[in-house]
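Here's the structure we're looking at; comments come further down.
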Amino acid sequence: MEGCKGLTKGWPEQVLTMQSNWIGKSYGAEVDFQVKGKDESIRVFTTRPDTLYGATFMVLAPEHPLTFVLSRGTEQAELVDDFIKNVKREDKISRTSEKGEKEGVFTGAYVVNPLNGEDIPVWSANFVLMDYGTGAIMSVPAHDQRDLDFARKYGLTVRVVIEPPEDSLDALTMTEAFSVDGTMVCSDSFDGLFGNEARRKVCDYLEKKKLGKPTVNYRLRDWGVSRQRYWGTPIPIVHCDDCGLIPVPENQLPVKLPLDVELGDRGRSPLTTLAEFIETECPKCNKPARRETDTLDTFVCSSWYFYRYTSPHNNRAAFDKYDADYWMPVDQYIGGIEHAILHLLYSRFFHLVFEDMGLVKSDEPFSNLLTQGMVIKDGAKMSKSKGNVVDPEEIIETHGADTARLFILFAAPPIKDLEWSSQGVEGCSRFLKRVWRIFEDFVEEIKTAKSVSEDYEAGAKELRELRRMAHVTIRRVTEDIQIRMQFNTAIAAIMELVNHLYSFRDEWTSLKEKSDEARAVLREAFDILILLLSPFAPHIAEEMWSRLGYEMSLGFVSWPVFNEVLTQTEEMLIVVQVNGKVRHRIMVPTSADEEAVKARVLDDPKIREQTKDKEVRKIIVVPGKLVNIVAK
RNA sequence: GCCGGGAUGGUGGAAUUGGCAUACACACAAGACUUAAAAUCUUGCCCUCGAAAGAGGUUGCGGGUUCGAGUCCCGCUCCCGGCACCA
């Protein structure tokens, strides 16, 4: 929970919320209730100690040991036995579903409310869970909906001890519990206290009287890490008849998964019948013993596999601290949103344990997380288990790997879910052909061109514009890939560059300035195009690159860098609005200041026409973007 | 029920900090080239009025803030994901 705070910059809020909910930290109090007539007390957990005076009964989980114990010797004993038996028969899912009917039985016992000394009956009911809190609750029907439902069903007392502001509740008729903060009433000296203060005061009192104490509870459940299946890391434990469970000593690790097994459909792991795997010696007494045949949940391995990447050649340890400290944390982690809780939470737990052990020094394993959306096919998440996967091989065969890759990346940004459709494959293939054709048109012309000299200033407008486009495209593509992770818009930017090259081709024929420098500008544009395209369509890019005479593969060429100066225009477009409506667009020199732009706008005949019968009240100038004239 | 995300043309989507809504594509239609087809190229392509210039409207629905809202605020509808008797 602490770590979540530090991740807010790099992780999607949604994932952090899901993890927080899963951990489910809640503050409250544990309170002891003395069992009437016995030397025994029952501890309950409550988040609402301020409602303690309204506790009119107590409910134990059917699995709670006292459910059975307390009912012995009372006339309820038989009913309780039946009840426990029935609940155990019920399956877990329907029992823990909110919709399930609340069933319960009186145990025959009473406890004493520690604050007002009142005797209250102890019940057992299916809606109380043994594995949360203490497995026992104090029921305050007036202020908890579940308790109210239960009280109404079994005719139990309802008592209002929290009043809403400017309203009052009727314990006899209320059907909706008042479960938010309010003012304490019918609570002796605590009357009049509100919300957090009320809870704190009650806690203080309980603590002082040794009746209870403030507590923190978590919803997080235990994680059973063993699986009765073959594929998984063997659990390094030996069962010895004399010594019990003995861990395999370090010098015998790792226990390897035997590969010569027959995988059948017998419904159980082949390890359980493989004598050569099972039969071993006890590491302690050397007598014959048996290996554990359960394997570890695959989440165990996925919780730390990335540390191994930091020291892949180390054969003495899983990873080396020096290497791990150098590489970790992972700068950018990409995974499906479906791993938001389990995998990503377990990895964080492992990391925290490694940190405690002094094996790593970073706080968190993954600094930045991108959760890619799911691909939907036929209304369901595309997955191997559902069998609704689309094999990219089909597109690769018909259109090639470059088209397949480009198409997938162009379809939608990675964070979004995507309804699969192959509509548009054609267009991506067409785009690559367009790239190839324009390249073919110019390759002879630019093959021998040198690079643009530092101090070159193109005379022709077309050449200047081409350079500008090329450098702007570097910026757009770089930002889209590196910062925004939006590959579809990166590809769109490249498409725009290619479209520009096509219109440039028509101008090139009539261009007078076909000097070496002009050819150098053209070559620069193609160099840039190829480099920007290379992550999306590596094969065609590599081919063009080598046809230009480069010998080094693109994989070793550094990413292009744009020149800020070259991305600037001499003129800029200013949108002119009158009362918020776009009326005109004008070009002004980039260097023009606010006053100059204002003057230019007011002088424009079209704008004068628009404002002639009106009084200009205000003029808003957004530098480099627009002017809005407010007139009445 | 609670938490989170979303809704933009016929379709996928763009709009980066509140500043030209519909970039880039797909599909479709018309035309050019062709004996013909494919490929390619050109043009059109949110809605209404208009021959056009242009005018008005439009980002699920209803309000609000603002000179200005797809973007911010309030209320709703629908869809998706997570959690679901957690005391």
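Numbers restart at 1 for each chain; the letters A, B, ... are given by sequence-line order, proteins then strands. Small disclaimer: the values here were computed from a predicted structure and weren't measured.
A:R583 comes within contact range of the sugar-phosphate backbone alone, with a heavy-atom separation under 4.0 Å but no base atom that close. Base engagement by A:V575 is indicated by at least one non-hydrogen atom pair under 4.0 Å involving a base atom. At a threshold of 4.0 angstrom between heavy atoms, the contacts of A:Q486 are confined to the sugar-phosphate backbone, with no base atom among them. Using a 4.0 Å heavy-atom distance criterion, A:R430 is classed as a sugar-phosphate-only contact. Base contact: A:F410 has a heavy atom under 4.0 Å from a base atom. Within the 4.0 angstrom heavy-atom criterion, only backbone atoms of the sugar-phosphate kind lie near A:I341; the bases stay farther away. Within the 4.0 angstrom heavy-atom criterion, only backbone atoms of the sugar-phosphate kind lie near A:P413; the bases stay farther away. Within 4.0 Å (heavy atoms only), A:K581 reaches sugar-phosphate atoms of the nucleic acid but no base atom. In this structure, A:S26 reaches the sugar-phosphate backbone alone: every heavy-atom distance under 4.0 Å involves primed, P, OP1 or OP2 atoms, never a base. When heavy atoms are screened at a 4.0 angstrom cut-off, A:G133 is found touching no nucleic acid atom at all. Counting non-hydrogen atoms under 4.0 angstrom, A:D144 reaches nothing in the nucleic acid.
With a glycosidic angle more than 90° from 0, B:G31 adopts the anti conformation.
Note: A:F150 and A:W123 meet the aromatic proximity criterion, with ring centroids under 6.0 Å apart.
Comparing A:T47 and A:V622 by the nucleotide of RNA chain B whose heavy atom lies nearest to each, the residue mapping closer to the 5' end is A:V622. Across the interface with RNA chain B, nearest-nucleotide mapping of A:A492 and A:D147 shows A:A492 to be the residue nearer the 5′ end.
The pairing partner recorded for B:U42 is B:A30, the criterion being a Watson-Crick or G-U wobble arrangement whose two distances lie under 3.5 angstrom. For B:A21, there is no paired nucleotide, since no Watson-Crick or G-U wobble pair has both relevant distances below 3.5 Å. As the counterpart of B:G1, B:C83 is assigned, both hydrogen-bonding distances of the Watson-Crick or G-U wobble pattern falling under 3.5 Å.
Listed nucleotides B:A84, B:U11, B:G19 differ in distance to A:Q423; the shortest reach to its side chain belongs to B:U11.
Between A:K625 atom NZ and B:U16 atom C1' the separation is 9 Å, expressed in whole Å. The interatomic distance linking A:F407 (CZ) with B:C26 (C1') rounds to 9 Å, in whole Å.
Here A:D480 contributes atom CG and A:T489 contributes atom OG1; the two are 3.5 Å apart, rounded to the nearest 0.5 Å.
Note: A:W11 and A:F366 have parallel aromatic rings, judged against thresholds of 30 and 60 degrees for the angle between ring planes. A:F439 and A:W436 have tilted rings, their planes meeting at an angle from 30° to 60° on a 0 to 90° scale.
At least one donor-acceptor pair closer than 3.5 Å links the side chain of A:T67 to the backbone N or O of A:A61.
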